[in-house]
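Small disclaimer: the values here were computed from a predicted structure and weren't measured.
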Amino acid sequence: MSAEEPLSHGQLFSWREIERYPPGWGHEANLASTWDLRGLSEARVDQALERLVQLHETLRTTYGTRDGVPFQRVHEEVRLPVERADRQVADPTEHERVKRERLTIPFPMTDDLNWRALLVTYRGAPMYLSLTFSHLIVDVWSIHHLQDQFKALVAGQGAAIETGFTPRELARRQRAESWQPRQAASERYWRDVLAGGLMDRLPTLPAHAEKERLELTLTSRRLGGLAALAGQAHGVTPPAVIMAFVAAGLARRLDTGRVTMSLMSSNRFAQEDQHNIGTMNQLIPFVTAVDPGATLAEHIKRLHWAGAKAYRHSCYDLDRVAVTAALAGEDPGHDCWVNHLFRAWFNYVRVDRRPADPADQTPATLAWTPLAQSYGQAFRVRVEVDDGETRVLMLADPDVLPPEAMIDIMRTLALGLQLAVTDPQRVLKDLWNGHVRDLPEALFPRELPERTVRAS
């Protein structure tokens, strides 16, 4: 037996985003997690997995479409998509290689479960579980909760698990009369953003279209620690500090006094949503000034409060917003509202709970991705914090931001973070006035990688 229901706002956003991917890029919707199983019996692992699937209908959900409208189909029972392999694990990094390999396998968007697992044992003793999920069913927040709940189940503490709202319950709540004031407020916010104007110097693409993109990654163990210190000093979050200097660098390279940034919101600010297992992330844009004469402290706080206001309206029906945009006179000139409405976006993902060390002297690295995602927005930054290391991945259209511009934005970020801690009364324009020599190698490398743009 199964039940068909409309999508929640988070599910719809993920659907519209993923359906625009060009052929061959479906794996980019995948998320992965590896769980250590050493010391457990295979029976205990199987029981815990089966219980997780019983507890969370998102692990029993498939999708379908009818007349172009997606819906979710929740099944009462499913066969667990778990492969098994019994082998000796001689390489302690094998699980990372397996994770990377399995991440490249896309999920079909319809008529199949959107998660899979590989259970690796040695002589029948569990070693690790390599899981892959589609963003259609979960976000990173959910994966952390699933792992915590799995640990509780194998420890015999399953009675304490909190499950939160199911995606079906969220979809019903978001269509109820009581939700209408919140929906109306979000749509008013969107009208204000559209009236302020989106950043028109960033071209956007139709769905399924590909175009040359460059991706540059700055990796630093010190950078995340400085972001945390700056956040404490200025009463904001580490992501807000990093985003503030990304926005500053972008404004300078585009020679504009304002930027439109789109934030990836978890939409779990209410206590009642802390234990929801599903996909709830949505992008929300805001338009803000970037004043070269403002102090670093003022700039950070301006960006923080603009982002905080945007977060208040970050749960919405994307299809309704597209209608609102059309009525406001927006014309993307193509068929992809996701690309048009979110032209420059910022996402911060904390993979684990290990803090970064602002005094770490490990040299930073800067590297180009050999094959960048050749679709979507003209500018995107994703920050990943994992095992005390911060990775800033910047994707850009080289016709808008050539390689030297991308390097300059990364340098601006590194210098801005340092000065936000050591000299926050410096003005923003000082970031471009010869202070690069102040950067230690733990924040920005001395040797820069070369990258040439492929001929079209």
Side-chain angles (χ1 to χ4, degrees), residues 3-19 56-58 61 63-74 135-139 141-142 162-198 260-287 305-332 336-338 340-342 345:
E4 293 183 2
E5 301 273 353
L7 302 189
S8 68
H9 292 347
Q11 288 174 309
L12 178 63
F13 187 91
S14 290
W15 181 277
R16 295 301 183 208
E17 181 181 15
I18 295 170
E19 72 173 354
H56 301 298
E57 66 178 34
T58 192
T61 297
Y63 292 86
T65 60
R66 187 174 293 109
D67 298 326
V69 178
F71 60 85
Q72 58 179 311
R73 182 182 290 117
V74 182
H135 219 318
L136 278 173
I137 61 166
V138 293
D139 47 31
W141 185 299
S142 298
E162 298 183 57
T163 56
F165 291 103
T166 68
R168 281 193 295 175
E169 290 169 336
L170 285 173
R172 292 166 187 164
R173 186 171 61 154
Q174 290 161 356
R175 286 165 174 77
E177 188 64 30
S178 59
W179 187 273
Q180 297 314 300
R182 183 171 176 177
Q183 178 168 290
S186 292
E187 292 179 5
R188 284 196 300 272
Y189 174 82
W190 269 99
R191 286 194 292 271
D192 289 344
V193 168
L194 294 168
L198 297 169
T260 306
M261 296 294 291
S262 295
L263 299 176
M264 186 66 79
S265 172
S266 70
N267 285 320
R268 297 173 186 274
F269 306 111
Q271 186 62 37
E272 62 187 2
D273 291 323
Q274 294 291 302
H275 298 283
N276 299 347
I277 301 297
T279 184
M280 296 182 66
N281 293 358
Q282 292 185 251
L283 286 168
I284 186 72
F286 67 88
V287 181
W305 288 112
K309 179 181 178 182
Y311 278 137
R312 293 179 58 192
H313 306 289
S314 56
C315 187
Y316 55 86
D317 184 322
L318 179 58
D319 287 353
R320 286 178 62 101
V321 165
V323 172
T324 298
L327 292 175
E330 287 290 318
D331 180 9
C336 190
W337 283 102
V338 171
H340 180 76
L341 294 174
F342 311 105
W345 66 265

What closest approach, in Å, do T279 and L136 show between heavy atoms, and which atom pair accounts for it? CG2-O, 3.2 Å
Shortest non-hydrogen pair, P70 vs T65, comes out as CA-CG2, 4.0 Å
Checking the side chain of T58 only, and the main-chain atoms of I137 only, is there a donor and an acceptor separated by less than 3.5 Å? yes
Hey, does the side chain of N281 reach the backbone of M264 with a donor-acceptor pair shorter than 3.5 angstrom? no
C315 to S186 - nearest heavy-atom pair and separation: O-OG, 3.6 Å
Would W190 and F342 count as a close aromatic pair, with their ring centres under 6.0 Å? yes
Has the side chain of R268 got a donor or acceptor atom that lies under 3.5 Å from a matching backbone atom of N276? yes
Before you tell me yes or no, could you show the steps for V323 and D319 under side chain to side chain contact (heavy atoms under 4.5 Å, CB included), namely the whole-Å CA-CA distance, both residues' side-chain angles and the distance that decides it to 0.1 Å? CA-CA 7 Å; V323 172; D319 287 353; over 6 Å; no
Kindly indicate, with the supporting measurements, whether the criterion side chain to side chain contact (heavy atoms under 4.5 Å, CB included) is fulfilled by K309 and F286. CA-CA 8 Å; K309 179 181 178 182; F286 67 88; over 6 Å; no
What's the shortest heavy-atom distance between E169 and G164, and which atoms? OE1-O, 4.1 Å
Heavy atoms only: give me the nearest G278-S142 pair and the separation to one decimal. O-OG, 2.7 Å
Stepwise, does the side chain to side chain contact (heavy atoms under 4.5 Å, CB included) test hold for V138 with H56? CA-CA 11 Å; V138 293; H56 301 298; over 6 Å; no
So CH2 of W337 and CG of L318: to nearest 0.5 Å the spacing works out to 10.0 Å
So, taking the atom named CZ in R175 and the one named CD in Q180, what distance separates them when rounded to the nearest 0.5 Å? 10.0 Å
Quick one: which of H135, Q72, E5 gives a side-chain hydrogen bond (donor to acceptor under 3.5 Å, both in side chains) with Q11? Q72
Give a yes or no on whether the backbone of H9 and the side-chain of Q174 come within a donor-acceptor separation of less than 3.5 Å. yes
Rounded distance [0.5 Å steps], OG in S266 versus CD in Q274: 7.5 Å
Can you measure from CD (Q282) to OG (S14) and round to the nearest 0.5 angstrom? 8.0 Å
Quick one: pull up CG in L341 and OG1 in T260 and give me the separation to the nearest 0.5 Å. 11.0 Å
Heavy-atom closest pair, residues N267 and S314: OD1-OG, 2.6 Å
Measure from NZ or CZ of R312 to the centre of the six-membered ring of Y189, then state whether that distance is under 6.0 Å and the direction lies within 45° of the axis. no
Separation of S265 OG from L283 CG (nearest 0.5 Å): 9.0 Å
Tell me yes or no: between the side chains of H340 and E330, is some donor less than 3.5 Å from an acceptor? yes
Kindly check if the number of other-residue, nucleotide or ligand heavy atoms within 6.0 Å of CH2 (W179) is above 12? yes
Before giving the answer on side chain to side chain contact (heavy atoms under 4.5 Å, CB included), spell out for V193 and V287 the whole-Å C-alpha distance, their side-chain angles and the decisive distance to 0.1 Å. CA-CA 7 Å; V193 168; V287 181; 4.2 Å; yes
